[in-house]
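Below, each value reflects all heavy atoms present in this structure, side chains not excepted, and no hydrogens, waters or symmetry copies.
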Amino acid sequence: MDIISEQIKQLEQIIIGLDDEIYVGKKSEAKRRIQDRDVHDWPIVACALTLNCPIWTEDQDFFGTGIPIWNSRNIEIFLSE
């Protein structure tokens, strides 16, 4: 097994997918927040709203949604401290 496959297996141990019914209640608000960027990204915004958590992304579409955004560089800095 290559190193990427092993890392993915490790991530699968700590990452839990969310069923639609958990975040669909935030669909309207999520679409309103991201409508000027990429409305197809609404599920990510809805999950962040539901869980009251930031979004880890390099995608500029999420800026201006009112949700804290973390990029990989800042995550790396945070974890190294």
Residue pair Pro43 / Tyr23: nearest heavy atoms and the distance that separates them: CB-CE1, 3.9 Å

Sequence neighbours excluded, which residues qualify as side-chain contact (heavy atoms from CB on, under 4.5 Å) partners of Leu51? Leu18, Cys53

Minimum heavy-atom distance between Ala30 and Trp42, given as atom pair plus value: CB-O, 3.4 Å

Once rounded to the nearest 0.5 Å, what's the spacing between atom CZ of Phe62 and atom CZ of Arg37? 10.5 Å

Residue Glu76 excluded, over 12 heavy atoms near CD under 6.0 Å: no

Is a side-chain N or O of Asp19 found less than 3.5 angstrom from the main chain of Glu21, in a donor-acceptor match? no

Does any non-hydrogen side-chain atom of Thr50 lie less than 4.5 Å from one of Ile22? yes

Which value, rounded to the nearest 0.5 Å, describes the distance between Ile55 atom CD1 and Phe63 atom CZ? 10.0 Å

Answer yes or no: is there a donor N or O on one side and an acceptor on the other, between the side chain of Glu58 and the main chain of Ser72, under 3.5 Å? yes

Rounded to the nearest 0.5 Å, how far apart are CD1 of Ile69 and OG1 of Thr65? 4.5 Å

Under 4.5 Å between any side-chain heavy atoms of His40 and Ile34, yes or no? no

Path from Trp56 to Ile15 over hydrophobic side-chain contacts below 4.5 Å: no

What is the distance from atom CZ of Arg32 to atom CG of Asp36, rounded to the nearest 0.5 Å? 10.5 Å

Same cluster for Ile3 and Ile8 if Ile/Leu/Val/Met/Phe/Trp/Tyr side chains link at under 4.5 Å? yes

Shared ILVMFWY cluster between Ile67 and Ile75, side chains joined below 4.5 angstrom? no

Kindly compute the distance separating CG (Leu11) from CD (Glu6), expressed to the nearest 0.5 Å. 10.5 Å

